[in-house]
Amino acid sequence: MPRDYKETCLLPKTAFPMKGDLFKREPQWLARWESSGLYARILARPVDGRFVFHDGPPYANGHMHYGHILNNALKDFVTRSRNLLGERTRFIPGWDCHGLPIELNVDREVKRKKEHVSPTEMRVRCRDEAAKWVDVQRTERKRLGVLGTWETPYLTMNQGFEAQVIRALKAFVANDIVYRGKKPVQWCWHCRTALAEAEVEYADAHVSPSIYVKFALDAAGVEALRAKLPDGVTRVSAVIWTTTPWTIPANLAIAVHPALDYVVLKGADGEGLLVAAALAEAVAKSAKLDAVVVGPSFKGELLVGLQGRHPFEARWSTLFGADHVESSAGTGLVHTAPGHGRDDYKLGVAHGLEAYAPVGDDGRYTGELGDGAKAMGLEGQFIFDANPAVEQHLHSLGALLQPPGQKVTHKYPICWRCKNPLITRATTQWFIAMDEPMRALPGTPTLRQRALAEIDRLAADGARAEGEGVARGWVPSWGRERIRGMIEGRPDWCISRQRIWGVPIPAVQHKATGEVVLTTELLEHVAKVFAERGADAWYSDDPSVLPAEIRCADGTLRPREEFSRDPSIIDVWFESGSSFYAVCEPEADLGAKVDLYLEGSDQHRGWFHSSLLVGCAVLGEAPYRAVLTHGFVCDDQGRPYSKSDIRRRQEARRDEITARVNKGEALDAVLTAMKSTWATPEKLADAKKRLGKKTSLDDVALAIAQDDIEFIPPEKIIAEQGAELFRAWAVFVDYENDMPYSRAVLNQAIDAYRRVRNTLRFMLGALREEPAPLVTEVALEPIDQWALVRLGEVLAKCEKAYRQYAFREVFATVVEFCQDLSALYLDASKDRLYNDASDSVRRRSALATMQHLVRSLAAVIAPILPFSAEDVWDHLPAFAGKGDSVHLEFWPTVPSIEDGAALGKAVQRLRALRDGVFAVLEPVVQAWGVEKQAAKKAGREPGAGDATFAPGARIDHARDAAVTLELSAAERDELGPLAPQAAELLGLGAIELATAPVAGDRVRVAPGPACDRCWRRRGDVGADGLCPRCRHAVDVFDRAAGATA
RNA sequence: GGGCCCAUAGCUCAACCGGUUAGAGCACCUGACUUAUAAUCGGGAGGUUUCGGGUUCGAUCCCCGAUGGGCCUACCA
């Protein structure tokens, strides 16, 4: 009985599991890191570099969703990689705590319990509500593995933060660009507050009334148009179109475009209808006119100054020229209510019209209505309820072109919170002027000018940085266009809100004179108070919130008792826009200039935008050096990935398939469904299994439809598979664009992750739980030297990628490297690892190299896969049990290898040889495989009766083959030090490199018997059945075993 | 309506800012494997680069237009 030598082979051995069981083990690492103070230890390492990252505060309401989680993963990649690269980087997580959503939640609760609470009490409850969600989200963010100071986050409701917001406001006041004015703003009548641009959403299919209203021209007007009238027309009305009948009572003017062509259209009863020429036909159709009869066309400038009679108020609406008038919709004459529209307001200002808005906070008409409207009983009516009344009344006056009840479906702004349609309403608010000179800045640019200049400066710096291989400025570069457009077009910033939960605008009003005061002195005083006692102080009775005496515009000092406090709070976007000033500026090791802001691309209108404006006032420049944006999480159809959205589409899909089944197209439906990545054959089989054997195709089709689009809650992924797999997904897709998220994509990311994990596992196994020498301590084999050269290239590529935030490239590079190692290097090293004696020089060279590879790769992936990297570290013999963490490592290095380029060439030649080998070997091996399969099917012995498959003649593994390949002398030279080892490195029994063309078979069975232990045919097997190498290895093994026995 | 962006294999991504035959990985088909075995290695098939024009000796790349999708926005009166 020959000895079984397997136990003497040094096969891979490691406790590092093939499957991570991450969902179970991640919490253990988290606990360990927390108890060992890992984060503090990372920051305490002595480094020269510094990188300032600033967390954009998520809103402290509700659970984290895909976007948040992705965002947090990316942020963690940044801070961890910077620390790894030797740039000390802190992560101070923050939360946005003030604002309407929280206040409304609390409000609802209060109303439900029918309580009456004071503003102070209200603020206490809001604070509790925000704190509750901060806790929830903190847990969720920590679970993802994000490293930071979680116990001391920044909260916008902290006293220090509130004080800095006031100081930021002070900078605007110092620049003299804060003013109070009555202007139209987006107003939510339900929440009873003005809304910022960022608080407005849009409903896709909002249905509004659609009315054409006639304003009869006076005699002078008709006279002016006499030459333009169609035959038989003696009176003329200007026709406007609107979807908001409730604003008709506030109509003060009509806008026309001076350069546009207009005509008088002959209407019913011979009445002339003044409309844009381009729209005459459409209007005629709407009015159901039999024929389109128009007079000669003329330019709108002819109309400027004419007057149209308001349908039910005793006043005239003048026709003004305005650029915003279009001829694509409506009538080319625009109903203008300066109190209810931004352009209307602008036109009003230009012509001295008041921002007349007879509508209250609650969306009801006020006593400011005109007599006509009052006579209709509109006062106190809710405006949207009044729409039909106004319409009906206009109809009864004969002022409508069509019968009442016409509707139009269009996009319409709604409140981000309560989803009710918004109105535009002129109110008295605090504004920041975009186009007034900033007095405190040199050259007194306007805020808009400065902001635009900063945008361009960042873009230019970004272009410069790109040349240096780093990312700064707008990343990706189109961020510039994005934010530029917004800053260029935005109106003055309305910063006041009529709510309670926020930072008060510390303005005061003199009770007697009505003068409103908001000065830097006052702001500084209040900031100090807030810093000590928080903004709640504003709502207390304590007089000391205000300075004892307050300076009025004329310079006189008046006692504070004569003033009342402004009840408004500051726009929350102003607060978060001040975060750099509240969080980073006060810290000695951070400062107000932040290296990186990183948020979703929607923040071009949000946080990036408001931070830029605050930065321009406070610092005179942008607060950030780089702004990195990412896209949105979508499903595999490219649609936003949200629960409700997917539900809706699931239903649509089901309906569609049901319809096809009913039409008898079940097979088609199934085939269509199977083309989608969701409905795989496995899924089909699954569905069949679930539904029982008697399943009809119809049922299968329906079942697929149900599963076709699946919502996978993020917390489920994390709880069942581990946070790291989510991180693997985040790094697997391209965050610059929309990121596809589906089971299929997730699985792909997991596969890539497993590839890396298994490669590392193999190398850990090779080390067999014993420390290996360092690469500097042994003479390295040429192939090992090459592995290190390759590692050096990988490291260089990854470092550059990290500096450019190209995390995907880092991961892809590592995965590719692992693949390369697996297929070539590790495969080529197996013989010496398994079969050489434990003390073999060649083997020790491999171990040293693999230890170095594992160690380096663990460090490289640590920012992205912090748990698995630590798992590797725990199982790396040299570090196991020492309580160290991979996260304390710095960027890995490789010892310099002489003539790395020649080695690279040699391996390239080896690869070419390898291709050649496979090309000739594959058909031979394949033939045997085919024969085996055929024999199996036929139930006979494989190879029986066929000489080519005789046991001594066939080749079923490369190691049994001797291959002959042609190779020129030059090519052979390239192989250099690898030439003598070619057969081993290629896993062949033997290789012959011929310089002349080969005649006959290139593949033969390698000569000689195979060694009983290593199965190699080297022609040197002794009488004991072992090759000398194995003989020695067995002796060494036996000696060691004897020693321990 | 406007601004910005995206579209390459069934899927996720490449292709050195115009240059050989558009590359990987996964999935699929297929072979090997007492020595990485829920692993690993080999082979194969799969593309009119969304469509239509244009510039050019040459276009996945530049320009114009269309289609589909995303984010943002508005003065849809």
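Just so we're on the same page: letters track the sequence lines, and every chain starts at 1.
- For A:W478, whose side chain is taken as the heavy atoms from C-beta onward, the closest listed nucleotide among B:G3, B:A39, B:C5 is B:C5.
- Between the C1' atom of B:U12 and the OH atom of A:Y735 lies a distance of 17 Å, rounded to the nearest Å.
- If you check every strand for non-hydrogen atoms under 4.0 Å, A:H335 touches sugar and phosphate atoms only.
- A:E816 comes within 4.0 angstrom of nothing in the nucleic acid, heavy atoms only.
- Below 30°, between 30° and 60°, or above 60°: for A:H875 and A:F16 the angle between ring planes is above 60°, a perpendicular geometry.
- Per the geometry, CG belonging to A:D734 stands 12 Å off P belonging to B:U8, to the nearest Å.
- Here the side chain of A:V733 is nearest to one of B:C71, B:C11, B:C13, namely B:C13.
- Here the shortest heavy-atom pairing between A:H630 and A:L70 reads ND1-CD2, 3.6 Å.
- Between A:R484 and B:C4 there is no side-chain N or O to OP1 or OP2 distance below 4.0 Å.
- One can find a donor-acceptor pair under 3.5 Å joining the base of B:G25 and the side-chain atoms of A:Q748.
- Residue A:M18 is the one, among A:M18 and A:D344, whose nearest nucleotide of RNA chain B lies closer to the 5' end (criterion: closest heavy atom).
- Of the candidate nucleotides B:C26, B:U12, B:U34, B:U12 has the atom nearest to the side chain of A:V745.
- For B:U37, the OP1/OP2 oxygens have no side-chain nitrogen or oxygen of A:R754 closer than 4.0 Å.
- Side-chain atoms of A:Y753 never come within 3.5 Å of backbone atoms of A:W729 as a donor-acceptor pair (strictly under, hydrogens ignored).
- In this model, the phosphate group of B:C41 is approached by a side-chain N or O of A:S822 to a distance below 4.0 Å at OP1 or OP2.
- Counting any heavy atom pair closer than 4.0 Å across all strands shown, A:Y834 reaches a base atom.
- Side chain of A:S610 to main chain of A:W573: a donor-acceptor pair is present (N/O by atom type, distance under 3.5 Å, no hydrogens or angles).
- Under a 3.5 Å cut-off, the side chain of A:T336 and the backbone N or O of A:V334 do form a donor-acceptor pair.
- Picking from B:C72, B:U34, B:G25 the nucleotide with the shortest atom distance to the side chain of A:K6 gives B:U34.
- Considering only side-chain atoms of A:P640, the nucleotide from B:G3, B:G70, B:G42 that sits closest is B:G70.
- Residue A:R755 places at least one side-chain N or O under 4.0 Å from the OP1 or OP2 atom of B:C41.
- Residue A:N758 is classed as a base contact, given a heavy-atom separation below 4.0 Å to a base.
- The residue A:P740 sits close only to the backbone: its heavy atoms come under 4.0 Å of sugar-phosphate atoms, none of a base.
- Nucleotide B:C71 is matched to B:G3 when pairs are restricted to Watson-Crick or G-U wobble geometry with both distances under 3.5 angstrom.
- The side chain of A:R808 sits closest to B:C13 out of B:C13, B:A39, B:C72.
- With a 3.5 Å ceiling on both atom-pair distances, B:C17 lacks any Watson-Crick or G-U wobble partner.
- Geometrically, A:K830 engages A:F762 in a cation-pi contact defined by less than 6.0 Å to the ring centre and at most 45° from the axis.
- One atom, CD of A:E809, and another, P of B:G25, lie 17 Å apart when rounded to the nearest Å.
- When each of B:G3, B:A36, B:C11 is scored by its nearest atom to the side-chain atoms of A:F762, the top-ranked nucleotide is B:A36.
- You'll find that the side chain of A:R482 is closest to B:C4, out of B:C4, B:U12, B:A36.
- Within 4.0 Å of A:W241, counting heavy atoms only, lies at least one base atom of the nucleic acid.
- At the heavy-atom level, A:K346 lies nowhere under 4.0 Å from the strands shown.
- Taking a pair to require two hydrogen-bonding distances under 3.5 Å in either a Watson-Crick or a G-U wobble arrangement, B:G46 remains unpaired.
- Residue-level contact check: A:E481 touches the backbone only, with heavy atoms under 4.0 Å from sugar-phosphate atoms and none from bases.
- When the side-chain nitrogen and oxygen atoms of A:R761 are compared with OP1 and OP2 of B:A36, none of them lie within a distance under 4.0 Å.
- Here A:G485 lies out of heavy-atom contact (under 4.0 Å) with every strand.
- B:A27 is unpaired under the criterion used here, namely a Watson-Crick or G-U wobble arrangement in which both key atom distances are under 3.5 Å.
- B:C16 and B:A22: their C1' atoms are spaced 15 Å apart (whole Å).
- Cation-pi geometry between A:R425 and A:W187 is satisfied (NZ or CZ under 6.0 Å from the ring centre, within 45° of the ring normal).
- Residue A:K19 places its side chain closer to B:A38 than to any other of B:G43, B:A38, B:C13.
- Of the candidate nucleotides B:G25, B:C41, B:C71, B:C41 has the atom lying nearest to any side-chain atom of A:R914.
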